[in-house]
Protein chains: 2
Amino acid sequence: MSNPHDAVPAAAPVSEAGDASAEEALAAVERQLSMLWRRARSVSQELSRRVHPEMEPAAYGLLSVLRTRGPIRLTELASSIGVGKPSVSRQVAFLEGLGLVAKEADPLDGRAQAISLTAKGEEKMHLVQDARREVFRERLAEWPTGELEAFARYMAKLNASYERDGFPRDEVL
Amino acid sequence: MSNPHDAVPAAAPVSEAGDASAEEALAAVERQLSMLWRRARSVSQELSRRVHPEMEPAAYGLLSVLRTRGPIRLTELASSIGVGKPSVSRQVAFLEGLGLVAKEADPLDGRAQAISLTAKGEEKMHLVQDARREVFRERLAEWPTGELEAFARYMAKLNASYERDGFPRDEVL
DNA sequence: CGTGTGGGTTGCTCATAGCAACCATTCTAG
DNA sequence: CTAGAATGGTTGCTATGAGCAACCCACACG
């Protein structure tokens, strides 16, 4: 990782930092991110399947949110993970079929429904998370804890920034 | 980021580090990564479109690699971005149709073909990259350069580890 | 030559997301 | 009290991107 290709000062002096190294750093982040994105897809896919063949990769994030934030309504869930309602609706329907989540009508609002993780869902999540962590461990085993923490912190920061202005939504985690 | 939900010592003593904080760090990385993954998708999509309607999100990484590594063959390109040959083949065909890349028969090996960025492709890439960087800048503007560098380094490290042992595909890079 | 191997392509399928249209319920007003 | 807007969710259709498997063509080796 040290390709001098798109980090040239071509973009002209930037307002704030205007620093060449800042530009380069920005470009590097962008590059790595786009690579990571691609990798993550296949890994995540293979990974989920390893535990539960029917456990779609997308379901993971969903269940994870459900687990963290308890029973929430679909719309909220959708914005939590940053996708549209239709996707979530279908995903939830699917997971309900598997018995991993439950939809419960909101007594106060007939349209709304609280979606929650079932006991079975909790259990599956444990399995999947263990497996995930196992795989991560394979890759991150040698990383010093400090680096892992910093890495997570950076990602959290980036994620938070998307929430701030990119997404019309609320806090996650 | 400090949820006591799946970082509890439930996973029992781990072999190597066995450290509680290491476990927590691992879980945090995993969590953030999965969130980031989702976000990146929509962002990347919206982003590419913003510059060139026909510029598929997937094409970006591809062109980026092409630009960095010059004319390379399809298989190598495929493994560079961590995706199978078929996908790349189609993507390349599409981009060729747009006049952004060119396929050139390798005189030494009739089967192989060097794929390269055309002048038009270069130009487009400038536009897209500028736009991308602009968006990144919106989000990462306040980050100290040092943090950006560290972040990129961590991602690179993670990416590299996938290349090392994760992919049953073929050799990468 | 013939057979095997490796580079690329194509056919088919799957997973996921989005938009738009829709139903149902609740809220708001006249 | 009843029309009509607004909100929560669902469903139809479409598009993108990826994989596997099967295939074709060129090279290389015997």
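Residue numbering restarts at 1 for every chain, and letters A, B, ... go by the order of the sequence lines. Since we're looking at a predicted model, the values are computed, not measured.
- Note on B:T75: every side-chain N or O is 4.0 Å or more away from OP1 and OP2 of C:dG6.
- Rounded to whole angstrom, the span from the CD1 atom of B:I115 across to the P atom of C:dG7 amounts to 13 Å.
- Rounded to whole angstrom, the span from the NZ atom of A:K85 across to the P atom of C:dA21 amounts to 15 Å.
- Open room surrounds CD on B:E104; 12 or fewer heavy atoms of other groups in view lie less than 6.0 Å from it.
- Rounded to whole Å, the distance from CG on B:D106 to C1' on D:dA28 is 15 Å.
- The distance between atom OH of A:Y60 and atom P of C:dA15, rounded to the nearest whole Å, is 20 Å.
- For D:dG9, the base has no donor-acceptor partner in the side chain of A:R90 [N/O atoms by modelled type, under 3.5 angstrom].
- The side chain of B:S89 contributes no N or O atom lying less than 4.0 Å from OP1 or OP2 of C:dT10.
- The NZ atom of B:K157 sits 10.0 Å away from the CZ atom of A:F151 when rounded to the nearest 0.5 Å.
- When heavy atoms are screened at a 4.0 angstrom cut-off, A:R73 is found touching the sugar-phosphate backbone but no base atom.
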Can you give the dot-bracket line for DNA chain C, where a pair is Watson-Crick or G-U wobble with both atom distances under 3.5 Å, crossing pairs use [ ], and | marks a partner on another strand? ||||||||||||||||||||||||||||||
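- A:Q113 has a side-chain polar atom (N or O) that falls below the 4.0 Å cut-off from OP1 or OP2 of D:dT10.
- Candidate nucleotides C:dG7, D:dA18, C:dA17 were compared by shortest atom distance to the side chain of A:S87, and C:dA17 ranks first.
- In this structure, CZ of B:F94 is placed 21 Å from P of C:dG8, rounded to the nearest angstrom.
- Rounding to the nearest 0.5 Å places CD of B:Q113 at 6.5 Å from CG of B:L74.
- Of the candidate nucleotides D:dG8, C:dA20, C:dT9, C:dT9 has the atom lying nearest to any side-chain atom of B:K103.
- Rounded to whole angstrom, the span from the CD atom of B:Q91 across to the C1' atom of C:dT9 amounts to 15 Å.
- Interatomic distance, OG of A:S80 versus CG of A:L66, reported as 9.0 Å (0.5 Å rounding).
- Look at CZ on A:R111: it is 6 Å from P on D:dG8, rounded to the nearest Å.
- Looking only at side-chain heavy atoms (C-beta outward), B:E149 and B:T145 come within less than 4.5 Å of each other.
- Rounded to the nearest 0.5 angstrom, A:I115 CD1 and A:R73 CZ are separated by 10.0 Å.
- Annotation for A:A59 and A:L95: closest pair CB-CD2, 3.8 Å, computed over non-hydrogen atoms.
- One can place CG of A:L95 at 14 Å from C1' of C:dA15, the figure rounded to the nearest angstrom.
- When the nucleotides D:dG9, C:dC19, D:dA6 are ranked by their closest atom to the side chain of A:L74, D:dG9 comes out on top.
- Residue B:D109 is classed as a sugar-phosphate contact, given heavy-atom separations below 4.0 Å to backbone atoms only.
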